[in-house]
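In what follows, a single structure is set out as structure tokens and then discussed.
Residue numbers run from 1 in the order of the sequence given. Quick caveat: nothing in here was measured; it's all calculated off a predicted structure.
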Amino acid sequence: MSKLKVLFIGGSGVISSACARVAVESGIDLYVLNRGQTADRPLPEGARELRGDARDPDSVRAALGDLEFDSVVDWVAFTPEHVRADIELFRGRTGQYVFISTASAYAKPVLRLPITESTPLRNPYWQYSRDKIAAEDLLTAEYRATGFPATIVRPSHTYDKTKTVLSGGWTSLARMIAGKPVIVHGDGTSLWTVTHHEDFARAFVPLLGHARTLGEAVGITSDDVLTWNQIAHTLGAALGVTPRITHVPSDVIAAADPEWGAGLLGDKTHSVIFDNSKIKSLVPGWRAVIPFERGAREIAAWYTGDPARQVVNEKLDALMDKLAGTYGVPER
């Protein structure tokens, strides 16, 4: 039996790096198109690297030559324009095109829990989500009109050791260590689902070349649900400290920092719990097994293991000081 031949456009991101590793381990003949590897997430041995710029169709054509694939996954498509270019590039040369969308596309405010693939898509708060929705709409229309073999995958908050999960990145962790107030939006009790990238990869790779996913949207998330207070305290425990949490309303944060606020109002402010029945039916036996407690230890070890990674955003740090000062004595 011949190997599955798969192209990843991008392959060194948080999610794609884990999927590349699992794909190679699974015996897939993996090609990766990118502009160069990152030191933190090198391509796995056995992957074939192609150099090209995903945003330049001529560059992609030159890199691919006459190659054809069983599946193409674009990890760096964010807008309808990106997807439209992919449709023209890969029509007739792949048996499956996988678009990586986002669970933040589901209607906000949340209409009903748990969230399923049939939950309506609508996000008036965050342009990132609206662009993903528009790209999904384009692919769905193309599938219906011409049979273009599209599969849509919706991750939620997927992380690896380089991503702190808590807003602010290393700046928030540095504040924990220093005993400074750590900002948590709302009252910290809204529910959030976090997914380790290794768990995601074990569910995702079996979808490649899976004919019954064409024309479908599939969510892949963990069942690990925590409050934001728990997330902060779990990270603190991994660092050996007890964080001093200050709660600040999301709309106040948004007024002070629109970019931070868009991700809150358009996603993290709302409790999210996902029904993973569909991915579990498509990939029998799969379940997410890595709890955030383990992930938090990986995050803490990675950041504390090299001072070069410990870069504080001075502007954000000052804003957090200001917000904490306005909203009173931090809770312990």
**Chi angles and distances behind the side-chain contact (heavy atoms from CB on, under 4.5 Å) call for I279, L207** = CA-CA 9 Å; I279 185 62; L207 298 182; 3.9 Å; yes
**Message:** Quick one, F292 with L235, criterion side-chain contact (heavy atoms from CB on, under 4.5 Å). Give me CA distance, side-chain angles, the key distance, then yes/no.
**Reply:** CA-CA 9 Å; F292 186 58; L235 286 166; 3.9 Å; yes
**Item:** Test side-chain contact (heavy atoms from CB on, under 4.5 Å) applied to Y106 and R154, step by step
**Value:** CA-CA 10 Å; Y106 292 120; R154 298 180 186 137; 3.0 Å; yes
**Full working for salt bridge (Lys or Arg N to Asp or Glu O under 4.0 Å) between D66 and R93** = CA-CA 9 Å; D66 59 359; R93 64 190 299 175; over 6 Å; no
**Request:** Take T221 and S156 through the side chain to side chain donor-acceptor pair (under 3.5 Å) test and state the conclusion after the steps.
**Result:** CA-CA 6 Å; T221 78; S156 187; over 6 Å; no
**Request:** Starting from the C-alpha separation in whole Å, work towards a yes-or-no answer on ring-ring contact (aromatic ring centres under 6.0 Å, His included) for Y159 and H196.
**Result:** CA-CA 5 Å; Y159 69 96; H196 195 284; 5.4 Å; yes
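When hydrophobic clusters are built by joining Ile, Leu, Val, Met, Phe, Trp and Tyr residues whose side-chain heavy atoms come closer than 4.5 Å, directly or via intermediates, Y143 is not grouped with I152. L264 is connected to Y327 through a chain of hydrophobic side-chain contacts under 4.5 Å among Ile, Leu, Val, Met, Phe, Trp and Tyr, so both are in one cluster. When hydrophobic clusters are built by joining Ile, Leu, Val, Met, Phe, Trp and Tyr residues whose side-chain heavy atoms come closer than 4.5 Å, directly or via intermediates, L316 is not grouped with L265. No path of Ile, Leu, Val, Met, Phe, Trp and Tyr side chains, each step under 4.5 Å between heavy atoms, connects V73 with L214, placing them in separate hydrophobic clusters. Under the 4.5 Å side-chain heavy-atom criterion for Ile, Leu, Val, Met, Phe, Trp and Tyr, W170 and V194 are members of the same hydrophobic cluster.
Atom CG of residue D224 and atom CG of residue D199 lie 9.0 Å apart, to the nearest 0.5 angstrom. Atom-to-atom distance recorded for L166:CG and H185:NE2 is 9.0 Å, nearest 0.5 angstrom. R309 CZ to Y303 OH: the interatomic distance, rounded to the nearest 0.5 Å, is 9.0 Å. Annotation: the span from K180 atom NZ to R244 atom CZ amounts to 10.5 Å, rounded to 0.5 Å. K315 NZ to D257 CG: the interatomic distance, rounded to the nearest 0.5 Å, is 7.0 Å. Considering CD of E117 and CG of N276, their distance stands at 7.5 Å, rounded to 0.5 Å.
Counting heavy atoms of neighbouring residues, nucleotides and ligands inside a 6.0 Å radius, atom CZ of R122 does not exceed 12 of them. For NZ of K280, the number of neighbouring non-hydrogen atoms (other residues, nucleotides, ligands) closer than 6.0 Å is greater than 12. The neighbour count for K5 NZ, taken as heavy atoms of other residues, nucleotides or ligands under 6.0 Å away, is above 12.
Ionic pairing of D160 and K163 is not present here: no N-O contact between side-chain nitrogen and carboxylate oxygen is shorter than 4.0 angstrom. A salt bridge is absent between K3 and D70: the closest approach of a Lys/Arg side-chain nitrogen to an acidic carboxylate oxygen does not fall below 4.0 angstrom. Ion pairing of E298 with R294 is present here, as a side-chain N (NZ or NE/NH1/NH2) and a carboxylate O approach within less than 4.0 Å. At a threshold of 4.0 Å, the pair R48-D29 counts as salt-bridged, since one of the basic side-chain nitrogens sits closer than that to a carboxylate oxygen.
Between F148 and Y97, the ring planes are tilted. Angles from 30° to 60° get that label. Note: H157 and W192 have perpendicular aromatic rings, judged against thresholds of 30 and 60 degrees for the angle between ring planes. Using cut-offs of 30° and 60° for the angle between ring planes, the Y125 and H270 rings count as tilted. Using cut-offs of 30° and 60° on the angle between ring planes, the pair F200 and F204 is parallel.
Residue S167 comes nearest to S172 through the heavy atom pair O-OG, 2.6 Å, listed as atom of the first residue, atom of the second, then distance. A pairwise comparison of heavy atoms in E88 and R91 identifies OE2-NH2, 3.7 Å as the closest pair. Taking every heavy atom of both residues into account, R202 and V289 meet most closely at NH2-CG2, 3.6 Å. Considering every non-hydrogen atom in both S271 and S190, the closest pair reads OG-CA, 3.5 Å. Taking every heavy atom of both residues into account, T246 and A324 meet most closely at CG2-CA, 4.0 Å. Closest heavy-atom contact between P149 and G95: CB-O, 3.2 Å.
N229 and T189 share no side-chain donor-acceptor pair at under 3.5 Å.
Within the 4.5 Å cutoff, the side chain of D86 has heavy atoms near those of the I9 side chain. S71 is listed as a side-chain neighbour of V98, based on a closest heavy-atom distance under 4.5 Å. Contact check for L138 versus R84: side-chain heavy atoms found under the 4.5 Å cut-off.
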